[in-house]
Trainee: 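What follows is a single structure, and I will ask about it in a moment.
The sequence lines fix the lettering, A, B, ..., with proteins before strands; numbering per chain opens at 1. Keep in mind that the numbers below use all heavy atoms, side chains included, and drop hydrogens, waters and symmetry copies.
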Amino acid sequence: MTPEQLSHAISACLSDAVASGELSVEVPDTVRVERPKSREHGDWATNIALQLGKRAGMNPRELARLLSERLRAIPGVDSVDIAGPGFLNIRLDAAAAGGLARDIVQAGAAFGTGDALAGTHINLEFVSANPTGPIHLGGTRWAAVGDSLARIFQAQGAEVTREYYFNDHGAQIDRFARSLLAKAQGQPTPEDGYAGQYIDEITARVLEIEPDILSAADPQERFRAVGVEMMFGEIKASLHDFGVDFDVYFHEDSLHQGGKVEALLEQLKSSGSLYFDAGAWWLRSTDHGDDKDRVVIKSDGNAAYIAGDIAYIQDKRERGFDLNIYMLGADHHGYVARLKAAAAALGHDPACVEVMIGQMVNLVKDGVPVRMSKRAGTVVTLEDLVDAVGVDAARYALTRYSSDSNIDIDLDLLQQKTNDNPVFYVQYAHARSRAAARNAAAAGVDRSGFDAALLTHATENELLAVLAQYPHQLAGAAEHREPHRVARYLETLAGAYHRWYGATRVAPLSGEEVTDLNRTRLWLNDATTQVLANGLALLGVSAPEKM
RNA sequence: GCCUUCGUAGCUCAGUUGGAUAGAGCAGCGGACUUCUAAUCCGCCGGUCGCGCGUUCGAGUCGCGCCGAGGGCACCA
C-alpha cells in the first residue's frame with residue numbers, strides 16, 4: 001500500500017464518518033500522509049485530525065478516534081495509534097507494504113510519473129546566452145536545471161518545448177563582429193569588444209572559410225554573418241555534448257524581419273495597451289510590481305529592446321503554449337514585472353508567463369572568488385567544467401542545489417576530490433544493484449516467486465517506504481519547478497539501498513537453497529534499480545551497470 | 001532609498017507547503033570485508049535554525065522590524 005492509497009483510504013473514512021452523522025466537515029480532496037521522522041511513530045502518519053478539528057468543531061483527538069476505528073478495518077493496516085494532540089500513526093503489515101516492490105518492477109520506467117500536467121503545452125526557455133562567446137558557468141547551470149525540469153514536466157504528462165532565444169539582433173553582435181574583424185586585421189580588441197582565445201579561434205576559422213573576407217565590400221558584415229553562425233554551432237555542439245538539445249533555437253532577428261515588431265506595436269498603440277507620455281510610448285509594468293513603467297517606443301521613434309520581448313511573447317502564444325517559463329539569472333530579476341506586463345498588454349493572462357530567477361554561479365579559486373569576465377577572457381565555460389569532472393558529475397553538481405541559492409564552483413577542488421561528489425553515491429547504488437541482480441541470476445534466483453510478507457527486515461521496511469515516496473517527490477519537483485528535489489531524494493534512496501544491501505542478501509550463500517525470500521528480495525532489488533534509473537534519467541545523469 | 005534571493009552543525013547544503021526529539025554529506029574520532037561491489041555500512045562528536053516582536057494548540061517554515069551577504073533598479077541591448 002502506497003501513501004497515495006492510504007491517503008485515499010483516509011478520505012474514504014472521513015466521508016464515511018460524515019455519512020454516518022458522526023462528523024460534520026467538508027472532506028478535503030487529498031489527505032497528507034507523511035513518513036514520520038521517528039520510526040516509533042509508525043510507517044506513516046497524518047495530521048488530518050488536527051487540521052480538521054477546528055473546522056469540524058470537534059476535539060482533534062476525538063476526531064482522530066473516529067478515524068482510527070475505521071482505518072483499523074482496512075486490509076493491510078496493521079495498527080493505528082493516536083498520539084499527542086491528535087496525530088494518527090499508522091503501521092502497515094509487511095505484505096501490504098511489500099507489494100510495492102512488484103508494482104514498481106511491473107510499472108518500469110513509468111513508475112513515478114503522473115498526469116498533473118497532462119495536456120499542458122509548456123514553453124521552457126533557458127540558457128539563451130548571447131552568441132558572442134561560449135556558454136559560461138551560469139548558463140551551464142541553467143542548461144542542467146532547465147533540461148532536467150523539462151524532463152520532469154514531461155514525466156507529469158506535459159508537452160514541453162525546450163527553447164533557446166538567440167539575441168542576435170542588437171549592438172552586442174556588432175561588438176562581436178568588430179572584435180573578430182579587429183583580430184583579423186591584427187588590431188587590438190576594440191574598447192567595448194570581446195577578447196579571449198575563442199575570438200582568436202573563430203577569427204582563424206572564418207578566415208579559413210573566406211580567405212578574401214578583408215577585401216569584401218563590408219568585411220564587418222561578413223564577419224557578423226559567418227562568425228555568429230559559427231558561434232551558434234559551437235554553442236549547440238557544447239550543449240549537445242552536455243545532453244541538452246533544444247527543440248527550438250529562436251532568433252531575435254526573425255522577430256524584426258518583415259516589420260513584425262512595428263506592426264505589433266502599432267496594434268498595441270491603437271488598442272490602448274500602451275500610453276503616450278513625454279514623447280515616448282510606455283508599458284504599464286507598474287501594474288505588475290515594477291518600480292516604473294517601461295518605454296517601448298523611444299521618443300526618437302525606434303523600438304526599445306522590450307519591444308522584442310513583447311513580440312516574442314505574442315509569438316509564443318500564437319504557437320499555442322499555455323505556459324511560458326523563462327529561466328533567468330538573478331541579474332535579470334527586474335524583467336519579471338515587464339514580461340508579465342507585456343503579456344497583459346497583449347490581452348493574455350499574466351499567469352501564462354512564469355519567470356524563474358536563479359541565483360549566480362561563482363567561480364572560486366583557492367577559496368577566493370574570481371570575477372568571470374567574457375571581455376577579459378577569464379570565463380570558465382561549460383566545456384571547461386565537463387573536461388574537469390565529466391558530464392554526469394557536472395550536471396549532478398549543478399542540479400542538486402536549489403536555484404535560489406548561490407553556488408560556488410572551485411574547479412581545482414572538483415578535479416581533486418571527485419569522489420566527494422554525491423553523484424557517485426547514487427550511481428554506485430545503481431551499479432551495485434545491477435551487480436546483485438547478476439549474481440542472483442548466476443545463483444539461480446529469478447522473479448518466479450514473490451511473497452511480500454517476507455520483507456520484514458527493518459531495512460526492508462525503510463527501503464520500501466522510501467521507494468513509496470518517489471511519485472510524491474517527483475510531483476513536488478514539477479509543481480515547484482525544483483529538480484534538486486529529485487537529486488536529494490535519490491541520495492536518500494541510495495542510502496536506504498546501501499543499508500539494506502549491507503544487512504541482507506539477495507543471492508543465497510553457497511550451499512544454501514534458493515527460497516522465495518531470495519526471489520522476493522530480487523524484486524525489491526530490481527524495484528530500487530528501476531527507481532534509481534528513473535530518477536537519474538530525469539537529471540540527465542547516466543545509470544551505470546558497473547563502476 | 002526601493003525590489004529580490006539567501007542566512008540552519010567547523011564546511012557545503014536539505015528540511016515534504018505550519019507538526020512530534022531540526023536532518024544528510026564532507027571534515028574529526030572509533031569500529032565493520034575468508035561469500036551478492038568497502039565508491040559501502042555502523043557508532044561517537046557537533047545546533048540560542050542571524051536577532052527581536054507577532055499570528056496559534058504548535059513557527060526553521062507565515063507576517064512585521066532590524067543585522068549581514070549576493071544580485072538588480074536606462075528613452076542600453
Side-chain angles (χ1 to χ4, degrees), chain A residues 32-38 40-41 45 47 50-51 53-54 60 83-87 89 130 167 169-175 252 278-282 289-292 294-300 302 304-306 308 329-337 357-360 362 369 400-408 417-425 427-429 431-443 445 459 469 472-473 475-476 479-480 484-485 487-489 491-492 494-495 497-511 518 521 525 546-547:
Chain A
R32 185 163 199 79
V33 176
E34 297 180 323
R35 182 74 171 172
K37 286 171 191 159
S38 168
E40 293 165 18
H41 294 145
N47 61 0
L50 288 163
Q51 290 185 352
K54 184 176 283 181
F87 293 103
N89 295 330
N130 290 341
N167 297 117
H169 182 70
Q172 77 276 33
I173 291 294
D174 295 334
R175 289 203 294 270
E252 182 190 2
W281 289 88
W282 300 74
D290 210 348
D291 305 351
K292 48 176 292 191
R294 301 289 159 179
V295 168
V296 178
I297 305 173
K298 296 185 274 187
S299 48
D300 65 6
N302 289 321
Y305 180 77
I306 192 176
D331 52 340
H332 288 76
H333 106 269
Y335 285 40
V336 179
I357 298 299
Q359 299 303 308
M360 312 255 90
N362 302 309
R400 78 182 285 264
Y401 300 103
S402 162
S403 298
D404 284 337
S405 65
N406 295 62
I407 47 182
D408 297 330
K417 305 175 69 180
T418 51
N419 281 353
D420 287 344
N421 193 322
V423 71
F424 296 106
Y425 185 75
Q427 287 186 310
Y428 180 57
R432 202 179 208 188
S433 72
R434 293 303 296 138
R438 286 191 294 270
N439 291 320
V445 181
T459 59
Q469 290 168 60
H472 179 250
Q473 293 294 331
E479 185 186 348
H480 300 282
H484 80 270
R485 289 173 185 244
R488 300 293 173 155
Y489 167 79
E491 289 169 30
T492 302
Y497 178 78
H498 285 311
R499 280 185 286 278
W500 174 68
Y501 182 93
T504 67
R505 289 187 57 91
V506 178
L509 289 169
S510 58
N518 300 113
R521 281 183 175 158
N525 181 77
K546 290 180 181 175
M547 282 178 76

Trainee: Going by modelled atom types, is there a donor-acceptor pair between the base of B:C73 and the side chain of A:His333 at under 3.5 Å?
Mentor: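 Looking at the base of B:C73, it does not pair with any donor or acceptor on the side chain of A:His333 (distance under 3.5 Å).
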Trainee: Determine whether a donor-acceptor pair (one donor, one acceptor, N or O, separation below 3.5 Å) exists between the side chain of A:Asp174 and the base of B:A77.
Mentor: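 In this structure, the two groups form no donor-acceptor pair.
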Trainee: Round to the nearest Å and state the distance from A:Asp331 atom CG to B:C6 atom P.
Mentor: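 The answer, rounded to whole Å, is 17 Å.
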Trainee: With sequence neighbours excluded, what pairs up with A:Asn89 under the side-chain hydrogen bond (donor to acceptor under 3.5 Å, both in side chains) test?
Mentor: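 Not a single residue meets the side-chain hydrogen bond (donor to acceptor under 3.5 Å, both in side chains) criterion with A:Asn89.
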Trainee: Taking protein heavy atoms under 4.0 Å as touching, what does nucleotides 7-14 of chain B look like 5' to 3' if B marks base contact, S marks sugar-phosphate-only contact and - marks none?
Mentor: -----SSS
Trainee: Determine whether any donor atom in the side chain of A:Gln359 lies under 3.5 Å from an acceptor atom in the base of B:G71, or the reverse, and answer yes or no.
Mentor: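 Under the 3.5 Å cut-off, the side chain and the base do not form any donor-acceptor pair.
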Trainee: Report the residues that fulfil side-chain hydrogen bond (donor to acceptor under 3.5 Å, both in side chains) with A:His498, sequence neighbours left out, ordered by chain and then residue number.
Mentor: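 Residues passing side-chain hydrogen bond (donor to acceptor under 3.5 Å, both in side chains) with A:His498: A:Arg432.
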Trainee: Is there a side-chain contact between A:Tyr425 and the phosphate of B:C41, meaning an N or O under 4.0 Å from OP1 or OP2?
Mentor: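 So the side-chain polar atoms of A:Tyr425 do come within 4.0 Å of the phosphate oxygens OP1 or OP2 of B:C41, strictly under.
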Trainee: Quick test: give all pairs of protein nitrogen or oxygen and nucleotides 31-35 of chain B nitrogen or oxygen below 3.5 Å, distance rounded to 0.1 Å.
Mentor:
residue	atom	partner	partner atom	Å
B:U35	O2'	A:Arg505	NH1	2.8
B:U35	N3	A:Ser510	OG	3.4

Trainee: Is a side-chain N or O of A:Asn525 found less than 3.5 angstrom from the main chain of A:Ser433, in a donor-acceptor match?
Mentor: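 Yes: the side chain of A:Asn525 pairs with the backbone of A:Ser433.
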Trainee: By the 4.0 Å heavy-atom rule, please label A:Ser433 as base, sugar-phosphate, or nothing.
Mentor: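 Contact class for A:Ser433: none.
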Trainee: Identify the heavy atoms of A:Asp404 and A:Ile357 that sit nearest to each other, and give their distance.
Mentor: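 Minimum heavy-atom separation between A:Asp404 and A:Ile357: OD1-O, 4.0 Å.
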Trainee: Looking at A:Tyr501 and B:A39, is any side-chain donor or acceptor paired with a base atom of the opposite kind under 3.5 Å?
Mentor: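 By the distance-only test, no, there is no pair.
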Trainee: Using Watson-Crick or G-U wobble pairs with both distances under 3.5 Å, give me RNA chain B in dot-bracket, 5' to 3', with [ ] for crossers and | for pairs to another strand.
Mentor: (((((((..((((.....[...)))).(((((.......))))).....(((((..]....))))))))))))....
Trainee: Take atom C1' in B:U48 and the same atom in B:U8, then report the distance between them in whole Å.
Mentor: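 The answer is 12 Å between these two C1' atoms.
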Trainee: Under the salt bridge (charged side-chain N to carboxylate O under 4.0 Å, His left out) test, which residues partner A:Glu479, sequence neighbours left out?
Mentor: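 Result, salt bridge (charged side-chain N to carboxylate O under 4.0 Å, His left out) vs A:Glu479: none returned.
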Trainee: What integer number of Å spans the P atoms of B:A14 and B:A77?
Mentor: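 To the nearest whole Å, 37 Å.
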Trainee: Is the phosphate of B:A77 approached by A:Tyr305 (side-chain N or O, under 4.0 Å from OP1 or OP2)?
Mentor: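 No, A:Tyr305 has no side-chain N/O under 4.0 Å of OP1/OP2 on B:A77.
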Trainee: Expressed as a whole number of Å, how far does the C1' atom of B:G23 sit from that of B:A39?
Mentor: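 Comparing C1' positions in B:G23 and B:A39 gives a spacing of 23 Å.
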Trainee: Test of understanding: with side chain to side chain contact (heavy atoms under 4.5 Å, CB included), list the residues that count as partners of A:Asp291, not counting sequence neighbours.
Mentor: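 Here no residue qualifies.
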Trainee: List the residues meeting salt bridge (charged side-chain N to carboxylate O under 4.0 Å, His left out) with A:Arg485, not counting sequence neighbours, and say none if there are none.
Mentor: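 Salt bridge (charged side-chain N to carboxylate O under 4.0 Å, His left out) list for A:Arg485, sorted by chain: A:Glu482.
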Trainee: What pairs with A:Arg434 under salt bridge (charged side-chain N to carboxylate O under 4.0 Å, His left out), at least two apart in sequence or on another chain?
Mentor: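 With neighbours one apart ignored, the set is A:Glu545.
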Trainee: With the side chain of A:Gln172 defined as its heavy atoms from C-beta on, choose the nearest nucleotide among B:A38, B:A77, B:G71.
Mentor: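 For the A:Gln172 side chain, the nearest candidate turns out to be B:A77.
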Trainee: Just to verify, what does A:Glu491 make a salt bridge (charged side-chain N to carboxylate O under 4.0 Å, His left out) with, not counting sequence neighbours?
Mentor: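 A:Glu491 satisfies salt bridge (charged side-chain N to carboxylate O under 4.0 Å, His left out) with A:Arg400 once adjacent residues are dropped.
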Trainee: Taking 4.0 Å as the cut-off, does a side-chain nitrogen or oxygen of A:Lys298 come that near to OP1 or OP2 on B:C76?
Mentor: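 A:Lys298 to B:C76 OP1/OP2: side-chain N or O found under 4.0 Å.
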Trainee: Write down the distance separating the P atoms in B:G15 and B:U61, rounded off to the nearest Å.
Mentor: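 Between the two P atoms, the distance is 14 Å.
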Trainee: Would you please name every residue forming a side chain to side chain contact (heavy atoms under 4.5 Å, CB included) with A:Pro36, sequence neighbours left out?
Mentor: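 Counting only residues at least two positions away or on another chain, A:Pro36 forms a side chain to side chain contact (heavy atoms under 4.5 Å, CB included) with A:His41, A:Ala45.
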Trainee: When the C1' atoms of B:G47 and B:G7 are compared, how many Å lie between them, rounded to an integer?
Mentor: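 Approximately 14 Å lies between the C1' atom of B:G7 and that of B:G47.
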Trainee: Polar-atom pairs under 3.5 Å, protein N or O versus N or O of nucleotides 56-61 of chain B: list them with distances, or write none.
Mentor:
none

